[in-house]
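Notes to accompany the following structure.
As a basis for the values below, the full set of heavy atoms in this structure was taken, side chains included, without hydrogen atoms, waters or symmetry mates. Below, chain A is the first sequence line, B the second, and so on; all start at residue 1.
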Amino acid sequence: MSIYDSLNKEQQKAVKHDKGPLLILAGAGSGKTRVLTHRIAYLIDELNVNPWNILALTFTNKAANEMRERVDKIVGYGSENIWVSTFHSTCVRILRRYIECLGYDRSFTIYDADDQKTLIREICKFLEIDTKNIKERTLLSVISSAKDELISPEEYELNAQGDFVKRKYASVYKEYQKRLKSNNALDFDDLIYKTVELFQNNPEVLDYYQKRFKYIMVDEYQDTNTAQFRLISILASTRNEEGEIEHNLCVVGDDDQSIYKFRGANIYNILNFEQQFPDTKVIKLEQNYRSTQNILNAANEVISNNVGRKDKSLWTENEEGEPIHFTQYDNEYEEAENVVRDIDRMINDDGADYNDFAILYRTNAQSRIFEEKLILKNIPYKIVGGVNFYQRKEVKDLLAYLKTIDNGLDDIAVKRIINIPKRGIGLTTIDRVTAYALNNDISFYDALRHAEYIPNLGRSAGKISSFVSLIEVLKSHLSSPDYSLEDLMNEIIEATGYVTELEAEETEEAQGRIDNINELINKVVTYEKNATEEPTLSEFLEEVALVADIDSLEESNNVVILMTLHSAKGLEFPYVYLCGMEDGIFPSYMCITSDDPTEVEEERRLCYVGITRAMKKLSLSAARQRMVRGETQFNKPSRFLREIPRYLLKQSASSLAPRFPKNSSMERNSFSGSSYSNKTMNSTLFDKTPYQVPKSSLHSNPYATMPKKQFAVTNAEPLAYGIGDRVSHFKFGTGTVSDITQGGKDYEVTVDFDNAGVKKMLATFAKLKKETN
DNA sequence: TCTGGAAATTTTTTT
DNA sequence: AATTTCCAGA
C-alpha cells in the first residue's frame with residue numbers, strides 16, 4: 001500500500017502536482033496540513049527532489065513545529081534538510097547572514113510592540129509632536145502599514161506632499177527608521193521588509209536563495225501581506241534548465257478564513273493568485289473531516305452572506321450531530337457560570353476530558369470572568385493570549401540586561417534598566433546623556449561610558465560609571481569559555497538584587513514575578529541544552545522575540561482552553577463555546593459603526609472560523625447586559641445568529657430569567673428587539689422546533705471516532721516486533737523499541753536508537769526490521 | 001529624585 | 001474596571 005491511498009481524490013491531485021504554481025483552496029477541516037506534508041513526501045520520494053530545495057512557510061511556530069513533526073514521520077530520508085519555518089524566523093535567518101549588505105550589524109536586535117512604543121514616544125518628544133493630537137498608536141499603525149506595503153520613508157514623504165498630517169507621519173517614519181538603524185534594531189515588519197530589500201539590491205544573494213528554494217510551500221496564504229507576497233514571488237521566480245521562469249510555488253489557504261486585515265493581510269493575494277501566476281492549477285478541498293453536518297451547514301450559511309469570495313461549500317460524511325445551542329443570559333456572570341457548569345457536567349456525567357473544551361470569545365478582556373468561574377469549580381484551564389510571558393515587566397527587565405550586554409547599540413534596552421534597580425539616575429540625567437549622545441552621534445551606552453565628559457551631571461556621573469562597570473564586568477565574564485548563559489542570568493539577578501527585592505515584598509504578586517523569573521531561567525537552560533550549535537546570547541534573544549503565545553499550547557495538557565477567535569484558527573475541539581454573541585461585541589462596535597461594509601465581512605469570517613472549530617457540538621451564548629470598560633451595555637444578540645437557519649438551532653432558556661426577544665416568529669429568526677416580551681418558558685425563538693437530538697456517541701471519546709472516519713483505511717498489519725525488541729532502520733541504524741501506540745490507521749512506534757536518539761515514527765513508513773540475533 | 005493619589009484613557013483581534 | 005499618565009509634595 002502507498003501512503004497516498006488514504007487521501008481523497010482532490011487531496012491526491014494536490015499532492016501529486018509536479019511543477020508550476022498551485023493554489024489549494026482548503027476549507028476548514030479539509031486536511032490541508034496532511035496535503036502539505038504528503039506533498040513534501042511525494043516531491044522527495046517520487047520526484048527525487050532534494051529535501052534541501054524545499055521551503056515551507058507558516059505563520060506561527062506552532063504550525064511550523066507541527067508540520068516539521070509530521071513531515072519527519074512520513075519522509076523517509078533527509079527530512080531534517082527541509083526548511084520548515086515561519087516567515088519571520090526565515091527572514092531572521094537570512095538577515096543574520098547577509099544584513100551587513102544593508103549597513104546593519106549581524107547582531108541586530110528585534111523590537112517588540114513595547115520597544116516600538118517607547119521609541120515612538122522619544123521621537124514625538126524630539127520632533128515636538130503633541131501626542132494629544134497625534135496618538136502614538138496611530139503613528140505605529142501608519143508606519144506598520146507602510147512597511148507591509150513596502151513603502152519606504154522617502155516614498156511615503158513624496159506621497160504626503162499636500163497633506164499636513166501626512167507630512168508629520170512621514171517625518172516620524174523617517175526618524176523612526178533612522179533610529180532603528182542606529183540602535184541596530186529591526187521591528188517585526190522590518191524583518192520581512194529588509195529581506196525583500198536585501199533580495200532586490202543584491203542579485204547574488206537572491207540568486208543563492210532562488211537556487212536553493214526550488215519548491216516553496218506557503219500555509220495560511222490568505223494571511224499574507226504585500227511584503228510577504230513580494231518575498232515569496234521573488235524567491236519563487238527561478239529559471240529552469242531551459243532558462244524559462246518557473247514558479248514552483250504551492251500555496252494553501254482559505255479566503256473565508258482571512259481574519260488579519262488589521263495586520264496588513266491582503267486578501268487579494270489569494271483572490272488574484274491565478275492572475276498573478278498564469279497557468280496556476282487550482283484545487284479545492286471541500287470535504288470536511290472535522291465537524292458534524294449541522295455545524296458545517298451553519299458555517300456555510302453564515303459565510304454565504306459575504307460577497308466577493310471564492311465559491312465553495314463544505315460537506316462531510318460525518319453524522320448530522322447535535323443541533324447548535326444558543327442561550328441568551330441576563331448578564332456576563334450568568335453566561336460564564338452556565339458555560340462552566342455545562343462543561344463540569346459533561347466531564348462528570350459524559351466522561352469528557354478537559355481538553356475536549358474550548359471557550360472562545362472576541363476580546364481578551366472577556367476571559368477574566370470565565371477564569372473566575374473555572375477556579376471556583378476547580379477546573380484546570382489555560383488562557384492563550386493576553387499578556388504574553390515575555391511582555392511581563394520582570395521578564396522584560398532581565399531581557400533588557402541581556403540585550404544591553406549583547407548589543408550596546410540598543411538604546412531602548414539600556415534606558416529601560418539604567419535605573420532598575422533604583423540607582424538614583426533620574427530623568428534629568430537621562431535627558432542630558434541622550435542630548436550628549438545625539439550631539440556626538442554615538443549610542444546612549446557609549447555616552448554613558450564617557451559620563452565624566454558630559455557637563456552638568458554632578459553626582460550622577462559616579463552612579464553612571466558604576467552601572468557601566470557592572471555591564472562591562474558581565475560582558476567580560478560572558479566571553480570566558482566556561483561561563484554559560486545560565487551563569488550570566490544568575491549573576492545579573494545576584495548583582496541587581498532583583499529577586500531579593502521581590503522577596504522582601506512578601507506579596508503574592510511579587511511571588512508570581514519570582515516564578516516568572518525562574519521560568520525565564522528555565523527557558524535559558526532549555527535553550528542551551530537544545531542548541532544545535534554553540535549557544536549564543538543573540539540567538540537566545542531572537543528565539544524569545546519570535547515566540548507567539550499560541551506556540552506554547554500543548555495538546556497533551558488536559559485543560560480547558562480559553563482564547564480569542566483569532567488565536568483559535570487552525571485548531572479544533574470536540575466542544576466549542578462561542579461566547580459574547582452580541583452586536584457591539586461580536587461583531588465589534590468598531591466595525592458596526594464603520595461605513596466600510598467589508599469590516600463586517602471580516603468579522604463574519606471570524607465567526608466562520610469560530611463555528612468550524614467545533615467537531616461535535618457548538619454552543620453559542622449572549623448576555624443581555626454586560627459591563628464593558630466600567631460601563632453597562634445592553635446589546636442585541638449578534639446579527640450572525642440570525643444568519644444561522646433556525647432549523648439548525650436549539651434555543652435554551654437561560655436559567656434564571658426565561659425572557660425572549662419580541663418578534664420571534666415568521667421571518668427568519670429575527671432578534672431585533674431590545675425590549676422583551678413575556679413569552680412562556682416553552683416558546684423558542686423560532687416558530688417550529690423540528691429538531692430531534694440524535695442518539696450520537698456523546699459518551700465516547702470523540703478523538704477515537706473521528707480519525708477512524710478520516711482515514712477509511714484498514715488497520716496496518718500486525719507488527720513483526722514489540723516493545724523491548726531490537727530493530728533496525730535504514731537510516732538511524734539499530735535501536736530498542738520503547739513504545740507502540742495505535743494512532744489512527746497506523747501504529748506509532750517509539751524507538752530509542754543507539755546513535756540517533758529517540759524517534760517517533762509511523763510503522764508503515766519506518767519500515768523497521770526486527771534484529772534476529 | 002521618588003512617591004502616592006488623582007485624573008485620564010482605554011476602541012478588538014497579533015506574527 | 002483596569003491600567004497608564006500626571007502632578008504636587010517630600
Mark yes or no: A:K194 above the aromatic ring of A:Y104, with NZ or CZ under 6.0 Å from the six-membered ring centre and no more than 45 degrees from the axis.
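Checked: cation-pi criterion not met.
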Looking at A:F444, is A:K415 sitting on its ring face, NZ or CZ under 6.0 Å from the six-membered ring centre and within 45 degrees of the normal?
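Yes - A:K415 lies over the ring of A:F444, closer than 6.0 Å to its centre and within 45° of its axis.
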Tell me whether the OP1 or OP2 atom of [N] has a side-chain N or O from [X] closer than 4.0 Å.
{"X": "A:S588", "N": "B:dT13", "result": "no"}
{"X": "A:N419", "N": "B:dC2", "result": "yes"}
{"X": "A:R368", "N": "C:dA2", "result": "yes"}
{"X": "A:S567", "N": "B:dT13", "result": "no"}
{"X": "A:K261", "N": "B:dT13", "result": "no"}

Please give, in whole Å, the distance from [N] [atom2] to [X] [atom1]?
{"X": "A:M627", "N": "C:dA2", "atom1": "CE", "atom2": "C1'", "value": "12 Å"}
{"X": "A:E220", "N": "B:dT14", "atom1": "CD", "atom2": "P", "value": "15 Å"}
{"X": "A:L427", "N": "C:dC6", "atom1": "CG", "atom2": "C1'", "value": "13 Å"}
{"X": "A:D114", "N": "C:dT4", "atom1": "CG", "atom2": "C1'", "value": "12 Å"}
{"X": "A:L578", "N": "B:dT13", "atom1": "CG", "atom2": "P", "value": "16 Å"}
{"X": "A:K569", "N": "B:dT15", "atom1": "NZ", "atom2": "P", "value": "11 Å"}
{"X": "A:L140", "N": "B:dT11", "atom1": "CG", "atom2": "C1'", "value": "16 Å"}
{"X": "A:M563", "N": "B:dT13", "atom1": "CE", "atom2": "P", "value": "15 Å"}

Selection from [options] that lies nearest to any side-chain heavy atom of [X]:
{"X": "A:N364", "options": "B:dT14, B:dT10, B:dC2", "answer": "B:dT14"}
{"X": "A:M590", "options": "B:dT1, B:dT3, B:dT11", "answer": "B:dT11"}
{"X": "A:T564", "options": "B:dT14, B:dT11, B:dT15", "answer": "B:dT14"}
{"X": "A:R137", "options": "B:dT11, B:dT15, B:dC2", "answer": "B:dT11"}
{"X": "A:K135", "options": "B:dT15, B:dT1, B:dT10", "answer": "B:dT10"}

Determine the contact category for [X]: base if any of its heavy atoms lies under 4.0 Å from a base atom, sugar-phosphate if only primed atoms, P, OP1 or OP2 are that close, otherwise nothing.
{"X": "A:R121", "value": "sugar-phosphate"}
{"X": "A:D189", "value": "nothing"}
{"X": "A:D223", "value": "nothing"}

Quick check: do A:R624 and A:N331 have side-chain heavy atoms less than 4.5 Å from each other?
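A:R624 does not reach A:N331 side chain to side chain.
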Would you say the side chain of A:T224 lies within less than 4.5 Å of the side chain of A:F87, judging by non-hydrogen atoms?
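Heavy-atom side-chain distance check passes, below 4.5 Å.
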Could you say whether the aromatic ring of A:F188 and the base of B:dT15 stack, counting only centre distances under 5.5 Å and plane angles under 30°?
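Stacking between A:F188 and B:dT15: present.
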Quick one: on DNA chain B, does A:G426 or A:E603 contact a more 5' nucleotide (nearest heavy atom)?
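Per heavy-atom nearest nucleotide, the more 5' residue is A:G426.
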Please tell me which of A:R629 and A:Y260 maps to the more 5' nucleotide of DNA chain B, matching each residue to the nucleotide holding its nearest heavy atom.
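The residue mapped nearer the 5' terminus is A:R629.
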A:F586 and A:F640 aromatic ring geometry - parallel, tilted or perpendicular at 30°/60° bounds
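Ring orientation of A:F640 relative to A:F586: perpendicular.
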Would you please classify the geometry between the A:Y209 ring and the A:Y98 ring as parallel, tilted or perpendicular, with 30° and 60° separating the classes?
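Answer is perpendicular, since the angle exceeds 60°.
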Heavy-atom donor-acceptor pair, A:H566 side-chain to B:dT14 base, under 3.5 Å:
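No.
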Considering only the P atoms, how many Å lie between B:dT13 and C:dT4, rounded to the nearest integer?
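One P to the other, the span is 15 Å.
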